[in-house]
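What follows is a short report on a single structure.
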4 protein chains.
Amino acid sequence: MPALHHGNRHGRSEQARRSVLEAADDLLAERGFAALTVEGIAARAGVSKQTIYRWWSSKVDILLDTLADDMAQMLTPPDYRDLRRDLSEHLHRVARFLTESDAGAVYRALVGQAQHDPALAARLRTDYLSEQRARDRLPLLRGIERGDLPAGTDVDVAIDRLFGPLYLRVLVTGEPVPRAFTDRLVDAYLAAP
Amino acid sequence: MPALHHGNRHGRSEQARRSVLEAADDLLAERGFAALTVEGIAARAGVSKQTIYRWWSSKVDILLDTLADDMAQMLTPPDYRDLRRDLSEHLHRVARFLTESDAGAVYRALVGQAQHDPALAARLRTDYLSEQRARDRLPLLRGIERGDLPAGTDVDVAIDRLFGPLYLRVLVTGEPVPRAFTDRLVDAYLAAP
Amino acid sequence: MPALHHGNRHGRSEQARRSVLEAADDLLAERGFAALTVEGIAARAGVSKQTIYRWWSSKVDILLDTLADDMAQMLTPPDYRDLRRDLSEHLHRVARFLTESDAGAVYRALVGQAQHDPALAARLRTDYLSEQRARDRLPLLRGIERGDLPAGTDVDVAIDRLFGPLYLRVLVTGEPVPRAFTDRLVDAYLAAP
Amino acid sequence: MPALHHGNRHGRSEQARRSVLEAADDLLAERGFAALTVEGIAARAGVSKQTIYRWWSSKVDILLDTLADDMAQMLTPPDYRDLRRDLSEHLHRVARFLTESDAGAVYRALVGQAQHDPALAARLRTDYLSEQRARDRLPLLRGIERGDLPAGTDVDVAIDRLFGPLYLRVLVTGEPVPRAFTDRLVDAYLAAP
DNA sequence: TCGTAACCGAGACGGTACGTCCTGTCTTGTC
DNA sequence: GACAAGACAGGACGTACCGTCTCGGTTACGA
C-alpha cells in the first residue's frame with residue numbers, strides 16, 4: 001500500500017484528496033457556500049486547481065464527496081424495538097444533523113443549490129436521498145412487522161408527515177427544531193397513522 | 001400624476017422598473033437562477049446596469065421584488081366556512097403555486113439561495129414568510145372560532161404539520177404534490193389536531 | 001441689469017459661469033487633468049451637469065475658457081525699446097507662465113490633450129497660439145524696425161529658436177527653466193540672428 | 001528553449017505579448033489615443049483583459065513597451081566624422097521619427113499623456129528620455145573630441161537649442177519640420193555654438 | 001537501473017460577470 | 001428660459017473566478 005505519495009502511475013494522492021475535502025468543509029463552515037471557490041479550496045488545500053478538476057467537476061462535486069460517509073453514519077436509525085422511541089430518537093438525530101453538524105451545513109447548501117441546478121437535484125436524489133429514505137423507512141417497517149402499525153400503512157406518506165415539518169423549519173422558516181417539537185410530530189403520527 | 005416618465009428628480013422610471021422585473025422573471029423561467037445575471041437582465045430589459053444597481057442591490061433583490069405582489073394574491077386562503085374544505089383548498093393552491101407558477105419558481109430559487117445567504121434568509125422571513133404564515137393561520141383561527149378545533153390548538157404546529165410535507169416534496173425529494181396527497185395531510189391533521 | 005440671478009429668461013447666469021470656471025481651475029490644480037470630470041466640476045461648482053453641457057461641450061472646452069483672458073494678459077511682451085531686454089523679459093515671463101502659474105498648468109494640460117485630439121489641436125492653434133505667436137513677434141518686429149535686426153530676418157524661425165528650447169524643457173524633459181537659461185537662448189540668437 | 005508557448009509556470013506567452021503590443025500600436029495609429037481602450041486592445045489581440053492586466057498596468061504601460069526597441073533603433077545618430085553632417089542627419093531623423101513613424105505617434109501620445117500624469121512623466125524621463133539624451137549627445141561629444149567644437153561647450157544647452165524648435169513645432173504649433181528647417185537650426189547652432 | 005507513465009504543484013491562458021464610474025441626454029418643477 | 005436635481009442608456013474600468021492548458025518535478029513500477 002503506497003500510503004502517502006505525491007503522484008505516480010499507481011493512482012491518486014490520498015493526501016491531496018483529503019486536503020481538498022477538508023479545505024472545502026472548512027471554508028464552507030467559515031465563509032459559507034457563496035464564498036466557496038475552487039481557487040480558494042485549492043489554495044487552502046495546498047493543491048493545484050488542475051488536481052481538483054482532475055478528480056471533481058465542481059465545488060458542488062467536492063461537497064457531495066464530503067457528505068457520502070457522514071450521512072450513513074449519522075442518520076442510521078436505532079432499533080430499540082419500540083416504534084415511538086425509534087421514531088423519536090431518529091427524528092431527533094436528523095434534526096441535530098441538519099441544524100448542528102458540519103455535514104448538515106453541507107447538506108443544506110446542497111439542497112439549496114439543487115433549487116438552481118436540476119442535475120444536482122437529480123444526483124442528490126438518486127445517490128443520497130433515496131438511501132436516506134431507505135434508512136428512514138426502517139423503523140416504520142419494523143413497526144409494521146411487529147404489528148405496532150397496520151399492515152397497509154403508507155410508509156412514504158408517514159415519512160413525509162414525520163420529516164416534512166422538520167425540513168420546513170430547517171430550510172424555510174429557520175425556527176429551531178427542539179426535541180419537544182419532533183416528539184410532538186411522532187405523537188401526532190401515532191395518533192392517526 | 002406623472003404616469004410614465006423617464007426618470008428625473010421626482011423619482012424613478014416606472015417603465016424601467018417594470019422592464020427589469022419582467023426581464024428577470026422571464027430569464028429565470030427560461031434559463032434558471034444560475035444563468036441569471038445582472039448583465040443579462042439589463043440587456044433583456046433594455047436598461048443600463050447602473051439603473052439596476054441604483055434601485056436593487058443584486059439579482060436576488062430583483063427577484064424579491066417580483067415576488068411581493070404575487071404571493072399575497074395567489075396564496076390568500078379562501079373562506080368556505082368549512083375547515084376541511086378551507087384547508088384542502090388552501091394547501092392545494094400553495095402546492096400549485098410552488099410547483100406550477102412562475103412566481104413559485106422564483107420562490108424556490110430564493111429559498112434555495114437563502115441556504116447560502118443568511119441575510120437573504122432573514123429578509124425572506126421578515127418580509128415574506130411571516131406574512132404568508134399569517135395568511136396560513138386564517139383557516140385554522142376561523143376553525144377555532146367556530147368550534148371546529150379545540151380552543152387550545154397550537155396553530156403554528158398545525159401549519160408545520162400541514163405544510164411541512166408539502167415543502168419536503170417540493171424542495172427536497174422533488175416528488176409531485178397531487179391533491180390526493182394534500183387532502184391526505186388534511187385528513188391526518190383533522191384526525192388528531 | 002440682472003446682476004446675479006439664478007437662471008431665467010434674461011440669459012445665462014453669470015454666477016454659474018464663474019463657479020464652473022473656478023471649480024474647473026481649482027480641480028485641475030488640486031487633482032490634475034486626469035481626475036477632472038464634468039460631474040466633479042458640476043458638484044464643486046454647485047451647478048447641474050445640464051448647465052455645463054448647455055454652455056460648454058466638454059471639460060476641455062471649459063479649460064479653454066479659463067485660458068482666454070489669462071494668456072493675453074500675462075504674455076504680452078514689454079517694450080523697453082531694447083531688443084535684448086525685450087526678448088529676455090518676454091522669454092522669462094513665458095517661462096514663468098508655463099512653469100509656475102495656474103493658467104500655465106491649464107495650458108500644459110491642453111497642449112497634452114491636443115496630442116490625443118486633433119480637433120482640440122486645431123482649435124488651440126487658431127484661437128490661442130496664433131494670437132500668442134503675434135504677440136511673440138512684436139519685440140522682433142520692433143527690432144527690425146529699429147534696425148537692431150537685419151531687414152530679411154525670418155521672424156518665425158527666430159521665435160522657434162528662442163522659444164523651442166523652453167517648450168522642450170517644459171513639455172518633455174521637465175527641467176527647470178531659470179532666467180540664466182532663457183538669457184542664454186537670447187544671447188545665442190542675437191549672436192547669429 | 002521553449003520558444004513559443006502558451007504560458008505556464010515558467011513564464012508568459014510570448015505570442016500573447018506580441019499580439020497585445022501590435023494591437024495597441026495598430027489601434028493607436030487607426031483611432032488615436034483617446035479611443036484606445038484596454039478592452040479594445042484585448043479584443044483586437046485575441047487576448048483576455050486579465051492577461052493584459054497581469055503584465056501591464058494600463059494602456060500607457062503597453063505603449064511604453066512598444067516604444068522601447070524602436071527608439072534606440074531609429075534614433076541612434078550616425079557618425080560621418082563631420083559635425084555638421086552628423087547633426088543635420090540626426091535632427092532630420094528625429095524629425096521624421098516624430099512626425100511620420102508609428103512609433104513617433106506613440107511617443108507624441110505618451111508625451112501628451114505625461115502632461116496629465118506625473119508618474120508617467122517621471123518614468124518617461126528615467127527610462128526613455130535620458131537614454132535618448134545620451135544618444136543625442138554623441139555627435140556633439142565627438143565634435144568636441146575632434147576639436148570642431150570648443151572644449152567648454154555646454155552639450156545639454158546645445159541639445160536644447162538644436163531639438164527644442166523641433167519639439168515646439170511637433171508638439172505645439174503642428175507646423176511641418178522639413179529638412180530645410182532642421183538644417184537651419186544646425187547652421188544657427190554652429191554659427192554660435 | 002533506468003525509462004516511462006501517472007500524478008503532482010504552479011500558474012498563464014481566454015473568457016464571463018461583477019460592481020463602479022463617468023459620459024452626454026433627458027425630464028421635471030422652481031425661480 | 002435658464003436653472004438644480006437627478007434618472008437614464010451606454011460603455012470602459014479593474015477585479016475575481018471559471019475551467020483549460022502546459023510545464024517541469026516526483027514517484028515507483030517494469031523492462
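A note on names: the letters A, B, ... follow the listed sequences, proteins ahead of strands, and every chain is numbered from 1.
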Without placing hydrogens or testing angles, list every side-chain donor-acceptor pair under 3.5 Å for residues 30-37 of chain C, not counting sequence neighbours.
unit_1	atom_1	unit_2	atom_2	d
C:Glu30	OE1	C:Arg44	NH1	3.4
C:Glu30	OE2	C:Arg44	NH2	2.5
C:Thr37	OG1	C:Gly40	N	2.8

message: Looking only at the side chain of B:Ser48 (C-beta and beyond, no hydrogens), which of the listed nucleotides E:dG19, F:dG10, E:dG14 gets closest?
response: F:dG10
message: Tell me the interatomic distance from C:Leu36, atom CG, to E:dC22, atom C1', rounded to whole angstroms.
response: 12 Å
D:Arg12 vs D:Arg54 side-chain heavy atoms within contact, under 4.5 Å: no
- request: Choose from E:dA10, E:dG14, E:dT27 the nucleotide whose nearest atom is closest to any side-chain atom of D:Val47.
  value: E:dG14
query: When rounded to the nearest 0.5 angstrom, what is the spacing between CD in C:Gln113 and CG in C:Leu63?
result: 9.5 Å
message: Can you measure A:Glu14 atom CD to F:dT27 atom P for me and round it to whole angstrom units?
response: 17 Å
message: Using OP1 and OP2 only, check whether a side-chain N or O of B:Ser13 sits under 4.0 Å from F:dA7.
response: no
query: How long is the line joining CD of D:Gln15 and C1' of F:dC21, in whole Å?
result: 13 Å
query: In whole angstrom, what separates D:Arg17's CZ from E:dG14's P?
result: 15 Å
query: Of the nucleotides F:dA2, E:dT23, E:dC13, which has the atom closest to the C:Arg54 side chain?
result: F:dA2
message: Suppose we call a contact any N or O donor and acceptor under 3.5 Å apart; does that hold for the side chain of C:Gln50 and the base of E:dC26?
response: yes
task: On DNA chain E, check which nucleotide each of D:Ala16 and B:Thr37 is closest to and give me the residue with the more 5' one.
output: D:Ala16
- request: When you get a sec, tell me which of F:dA9, E:dT25, F:dA4 is the closest nucleotide to the side chain of C:Tyr53?
  value: E:dT25
query: Across the strands shown, which category fits B:Gly46 at heavy-atom distances under 4.0 angstrom: base, sugar-phosphate, nothing?
result: sugar-phosphate
- prompt: Quick one: on DNA chain F, does A:Ala35 or D:Ser57 contact a more 5' nucleotide (nearest heavy atom)?
  reply: D:Ser57
query: With a 3.5 Å cut-off and just heavy-atom distances, do the side chain of C:Glu39 and the base of E:dC21 make a donor-acceptor pair?
result: no
message: If I take atom CZ in residue D:Arg18 and atom P in nucleotide E:dC13, what distance separates them, rounded to the nearest angstrom?
response: 14 Å
message: I want to check one thing: is the phosphate of F:dA2, taken as OP1 and OP2, less than 4.0 Å away from some side-chain N or O of C:Trp55?
response: no
- line: Taken to the nearest 0.5 Å, the spacing of C:Ile62 CD1 from C:Ile52 CD1 works out to 4.5 Å
- prompt: Separation of A:Ile52 atom CD1 from F:dT20 atom C1', in whole Å?
  reply: 14 Å
field: Pair of N/O donor and acceptor under 3.5 Å linking E:dG14 base with D:Lys49 side chain
entry: no
- line: To the nearest angstrom, the CH2-P distance between A:Trp56 and E:dC7 comes to 13 Å
Whole-Å gap separating P (F:dA16) and CG (A:Leu27): 17 Å
- line: Checking A:Val38, A:Ile41, A:Thr51, A:Asp25 against A:Val20 for side chain to side chain contact (heavy atoms under 4.5 Å, CB included), the one that qualifies is A:Ile41
